[in-house]
*Asks:* 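What follows is a single structure, and I will ask about it in a moment.
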Amino acid sequence: MTDTITRFAPSPTGHLHIGGARTALFCAAYAHGRSGRFALRIEDTDQKRSSEAAAAGILDDLAWLGICWDDGPEANGCGGDDRKVGPYYQSQRREIYDRYFTKLIEMGLAYPAFDTPEELAEMRKAAEAQKKTFIYRQQADYDHAQAMELAKTEGHVLRFKMPAEPVVVNDEILGEVTFPYEELDDLVIRKRDGFPTYHFAVVVDDETMGVTHVVRGQEHLNNTPRHVALIKALGFDVPKFAHLPLIFNPDGSKMSKRDKDKAVRAAVKAAGDVTASDAGVDERDFAKWQKDKSVQLPQDKLVPLAAKLGVELPEIDVEDFRRSGYLPEAIVNYIALLGWNPGERDDEGNEIERFDRAYLDSKFAFDRVGKKASKFDRDKLRAFNFDLIKSMDPGDFVEAWRTWCERYDAALLETLDKDAMLQLAPAVQQRAVTLGEARGPIAFLFTETDTIEYDEKAVKKHVLKGEPAGLDVLRDFAPKLAAIEPFAPEVIEETISSHCQTNELNMGKLAQPIRVAMTGAAVSPPLGITLSSLGKDTVVARVDRFLKFMDA
RNA sequence: GGCCCCAUCGUCUAGUCCGGUCUAGGACGUCAGGUUCUCAUCCUGAAAACCGGGGUUCGAAUCCCCGUGGGGUCACCA
């Protein structure tokens, strides 16, 4: 078996973090670029924090990004168990772990420990008082036979007896890293509730699933020597390791899901009068959330609360970026560049940085992954997204736009049908960086004619000033509007421009007053699109209203 | 604090492994012009970096050491 097999193993405690998305992306790219397989495993050994809904959400986030897994839970057209190495939820693999627990105990490399959490806390405190890190070791007078007997009736954990030697981790990105034995303790491998700990489960799963390359974030580097020691003790093959550099916020702090709570918490504090019922949660939870920085509010409560307070939530999870209206292709392209670079130039000698999945799959390797943590640059992501939107075929754009609306802005679909959106597409595509901002350039469509407020400065500059004044130009032109037939962009523009030509006027002289009449301000997409999308009746009504307003 | 990782424009990075071609290249952002009926798009241009100190060498962004700075991690979480 020389196939390349990678895996991504999230714990289902919330939406997929953007950093996790990058890890998954690199795992998939590495395997698929080598005709290997990419497996997905759900690490739900923490019964309290895991949820089926979160697992489904992560699967959905991945599929949306176009990161499909070959082995794993079947969802969104991905997954399956072709290699017969499932199940892919750790909570369903208890029997497998038990086999290896038994094996380790028989080899004398695992032993029951009866210390209570309180006792351990005490020992840690004592170690800390001496400015040392607490290292758990088996007692010198530990009686194995007696312990095994006691274990039949007493609650206990199982610990791994760490071999007394340094562990060398050979990392594909970082190189050789050595960890002294003095830093490695007899870690818990089976919890009191009988579930394996993360360390044990990963090692057993990666072996039994045939994983050849363990690709994960650098925050796991310190765990790796423990895993290597376990792997060797169990007689498994040591896989290749690749620890990816971390992703930070622009201010250098770690990009964390808690950042969202942090933003809202600050706003709640600033507002001063926000209550638990405003937040839609119960009194006690709300108080706890306000006090404890490590507590998070559920997403479906946090988002509306943020909206109510007018706070913009930092985008952290894939779902956040999706809601903002980024395209999966843009996200994938951008995050691929966080810590990796193809190191190729185009014909003009510029660094290649815009590419698709096929290119990534074919080029990705660990030798071009950097060691330095990178800061997440939203402006650059926005640029990628905008470029993609601009270059889309209008039909494709409308499809993407409508799909996004179905999920996040159903109201827009009630106002605009497909044809209307298709007509607006070119104007919107030049102006909207994200799908969420697509409403911006066409906001004038959603205000009622009789609620338009005219911007004073725009009126002064484009309507009152000059010779002739814009107001007179508009008044002069107004009657021609109703006669335009058909009321289509080209015809409208032709009418306006010929009117200007006959009267020896600059286009702006007429265009700007029309804009003010239509939108209240001096900014809009090209007049043809603006007027035709409004419809003749509305256009005429808005001009009338504006002229009356100016007369008054 | 212990252990571990890292260090090129504001940001992502190329160059580093195999020292000279680097008066350090590109992208995003910023600034300045131009095209245009407004906004936007588009085009052109500019400013902007090798963390510090020692070594090695004819020569160091590139190799070595020290310092400084940043980060990760120290759970019956993953």
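Here is the naming used below: chain letters follow the sequence lines, and residue numbers restart at 1 for every chain.
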*Asks:* Check the phosphate of B:C76 against A:Arg124, side-chain N and O only, distance under 4.0 Å to OP1 or OP2. Yes or no?
*Replies:* yes

*Asks:* Taking B:G25 as the reference, what is the distance to B:C5 when you measure between their C1' atoms (whole Å, please)?
*Replies:* 28 Å

*Asks:* Side chains of A:Gln139 and A:Tyr111: any donor to acceptor distance under 3.5 Å?
*Replies:* no

*Asks:* Taking the minimum atom-to-atom distance to the side chain of A:Val177, which one of B:G2, B:C4, B:G72 wins?
*Replies:* B:C4

*Asks:* How far does the P atom of B:G72 sit from the matching atom of B:G54, given to the nearest Å?
*Replies:* 32 Å

*Asks:* Would you check if the side chain of A:Glu493 reaches a backbone N or O of A:Gly528 as a donor-acceptor pair within less than 3.5 Å?
*Replies:* yes

*Asks:* Of the options B:C4, B:A14, B:G71, whose atoms approach the side-chain atoms of A:Phe179 most closely?
*Replies:* B:C4

*Asks:* Tell me whether the OP1 or OP2 atom of B:U13 has a side-chain N or O from A:Ser374 closer than 4.0 Å.
*Replies:* yes

*Asks:* By nearest atom, which of the nucleotides B:G72, B:C12, B:C76 is closest to the A:Val188 side chain?
*Replies:* B:C76

*Asks:* Under the criterion ring-ring contact (aromatic ring centres under 6.0 Å, His included), I'd like the reasoning laid out for A:Phe364 against A:Phe366: C-alpha separation, chi angles, the key distance, then a yes or no.
*Replies:* CA-CA 7 Å; A:Phe364 182 79; A:Phe366 301 119; 5.6 Å; yes

*Asks:* Look through every strand shown and name the nucleotide pairing with B:C17 as Watson-Crick or G-U wobble, where both distances are under 3.5 Å.
*Replies:* none

*Asks:* Quick one: look up who B:C22 pairs with, Watson-Crick or G-U, both distances under 3.5 Å, and put none if it's unpaired.
*Replies:* none

*Asks:* Work out how far the P atom of B:G55 is from that of B:C9, and round it to whole angstrom.
*Replies:* 25 Å

*Asks:* Determine which nucleotide pairs with B:C3, using a 3.5 Å limit on both distances of a Watson-Crick or G-U wobble pair.
*Replies:* B:G72

*Asks:* With both distances under 3.5 angstrom, what nucleotide forms a Watson-Crick or G-U wobble pair with B:A32?
*Replies:* B:U44

*Asks:* Which residue, A:Val523 or A:Lys380, contacts RNA chain B at a nucleotide closer to its 5' end, judged by nearest heavy atom?
*Replies:* A:Lys380

*Asks:* For the P atoms, the ones on B:G29 and on B:A40, what distance do you get once it is rounded to whole angstrom?
*Replies:* 13 Å

*Asks:* If you look at every strand shown and take non-hydrogen atoms under 4.0 Å, does A:Pro525 touch a base, only sugar-phosphate, or nothing?
*Replies:* base

*Asks:* With no hydrogens and no angle check, is any side-chain donor or acceptor of A:Glu119 less than 3.5 Å from a backbone partner on A:Thr116?
*Replies:* yes

*Asks:* Measuring only the C1' atom in each nucleotide, how far is B:U13 from B:U57? A whole number of Å is fine.
*Replies:* 29 Å

*Asks:* Determine the contact category for A:Asp185: base if any of its heavy atoms lies under 4.0 Å from a base atom, sugar-phosphate if only primed atoms, P, OP1 or OP2 are that close, otherwise nothing.
*Replies:* nothing

*Asks:* When you compare B:C28 with B:A48, how far apart are their C1' atoms, in angstrom units rounded to a whole number?
*Replies:* 13 Å

*Asks:* Report the nucleotide, chosen from B:C76, B:G1, B:G29, that has the shortest atom-to-atom distance to any side-chain atom of A:Ala383.
*Replies:* B:G29

*Asks:* Indicate, with a heavy-atom threshold strictly under 4.0 Å, whether A:His462 touches base, sugar-phosphate, or nothing.
*Replies:* nothing

*Asks:* Does a side-chain N or O of A:Arg354 approach OP1 or OP2 of B:C12 to a distance below 4.0 Å, or not?
*Replies:* no

*Asks:* Any base atoms under 4.0 Å from A:Pro526, or only sugar-phosphate, or nothing? Heavy atoms, all strands.
*Replies:* base

*Asks:* Just checking A:Lys131: base, sugar-phosphate only, or nothing, at a heavy-atom cut-off of under 4.0 Å?
*Replies:* sugar-phosphate

*Asks:* Starting at atom CG of A:Leu244, determine the distance to atom C1' of B:G72, rounded to an integer number of angstrom.
*Replies:* 14 Å

*Asks:* Taking any strand in view, what nucleotide pairs with B:U11 in a Watson-Crick or G-U wobble way, both distances under 3.5 Å?
*Replies:* B:A27

*Asks:* Counting only side-chain heavy atoms from C-beta out, which of B:G72, B:G29, B:A78 sits nearest to A:His220?
*Replies:* B:A78

*Asks:* Do A:His227 and A:His199 have ring centres separated by under 6.0 Å?
*Replies:* yes

*Asks:* Would you indicate which nucleotide in B:G2, B:A78, B:U41 comes nearest to any side-chain atom of A:His199?
*Replies:* B:A78

*Asks:* Which whole-number value in Å describes the distance from A:Lys371 NZ to B:G72 C1'?
*Replies:* 16 Å

*Asks:* Distance between the P atoms of B:G33 and B:G15, in whole angstroms?
*Replies:* 36 Å

*Asks:* Would you say a side-chain N or O of A:Arg190 is under 4.0 Å from OP1 or OP2 of B:C76?
*Replies:* no

*Asks:* If you look at every strand shown and take non-hydrogen atoms under 4.0 Å, does A:Asp367 touch a base, only sugar-phosphate, or nothing?
*Replies:* nothing

*Asks:* Check every strand shown and say whether A:Phe386 touches a base, only sugar-phosphate, or nothing at a heavy-atom separation below 4.0 Å.
*Replies:* sugar-phosphate

*Asks:* Examine the side chains of A:Asp205 and A:Tyr88 and answer whether a donor and an acceptor come within less than 3.5 Å of each other.
*Replies:* no

*Asks:* Which nucleotide, B:A14, B:A78, B:U41, lies nearest any side-chain atom of A:Thr45?
*Replies:* B:A78

*Asks:* Please name the nucleotide paired to B:U57 by Watson-Crick or G-U wobble geometry with both distances under 3.5 Å, or report none.
*Replies:* none

*Asks:* Quick one about A:Ser524 and A:Thr530 (side-chain donor to acceptor, distance below 3.5 Å, no hydrogens or angles considered), yes or no?
*Replies:* yes

*Asks:* When we call it a touch if two heavy atoms are under 4.0 Å apart, what does A:Arg226 touch: a base, just sugar-phosphate, or nothing?
*Replies:* nothing

*Asks:* Is the distance from the ring center of A:Phe321 to that of A:Phe376 below 6.0 Å?
*Replies:* yes

*Asks:* Answer yes or no: does a side-chain N or O of A:Lys390 lie under 4.0 Å from OP1 or OP2 of B:C42?
*Replies:* yes

*Asks:* Side chains of A:His17 and A:Asp317: do they bring a donor and an acceptor to under 3.5 Å?
*Replies:* no

*Asks:* Counting only side-chain heavy atoms from C-beta out, which of B:C4, B:C76, B:A14 sits nearest to A:Pro117?
*Replies:* B:C76

*Asks:* Which part of the nucleic acid, if any, lies within contact of A:Gly370, taking any heavy atom under 4.0 Å across all strands shown: a base, the sugar-phosphate backbone alone, or nothing?
*Replies:* nothing

*Asks:* Do A:Phe101 and A:Phe200 have ring centres separated by under 6.0 Å?
*Replies:* yes

*Asks:* Need to verify one output field. Residue with the more 5' nearest nucleotide on RNA chain B, A:Gln430 or A:Leu338?
*Replies:* A:Leu338

*Asks:* So, does A:Lys375 get its side chain near the phosphate of B:G29, meaning an N or O under 4.0 Å from OP1 or OP2?
*Replies:* no

*Asks:* Measure from the side-chain heavy atoms of A:Leu527 and tell me the nearest of B:C37, B:C5, B:U41.
*Replies:* B:C37

*Asks:* Under 4.0 Å from OP1 or OP2 of B:C76: is there any side-chain N or O of A:Arg159 that close?
*Replies:* yes

*Asks:* From B:U38, B:A7, B:A14, pick the nucleotide closest to the side chain of A:Lys372?
*Replies:* B:A7

*Asks:* Under 4.0 angstrom, heavy atoms only, what part of the nucleic acid is A:Leu381 near: base, sugar-phosphate, or nothing?
*Replies:* nothing

*Asks:* Distance check, C1' atoms only: B:C64 and B:C22, in whole angstrom units.
*Replies:* 22 Å

*Asks:* Assign A:Ser497 to base, sugar-phosphate, or nothing according to its heavy-atom contacts below 4.0 angstrom with the strands shown.
*Replies:* nothing

*Asks:* With heavy atoms under 4.0 Å as the rule, sort A:Phe248 into base, sugar-phosphate or nothing.
*Replies:* sugar-phosphate

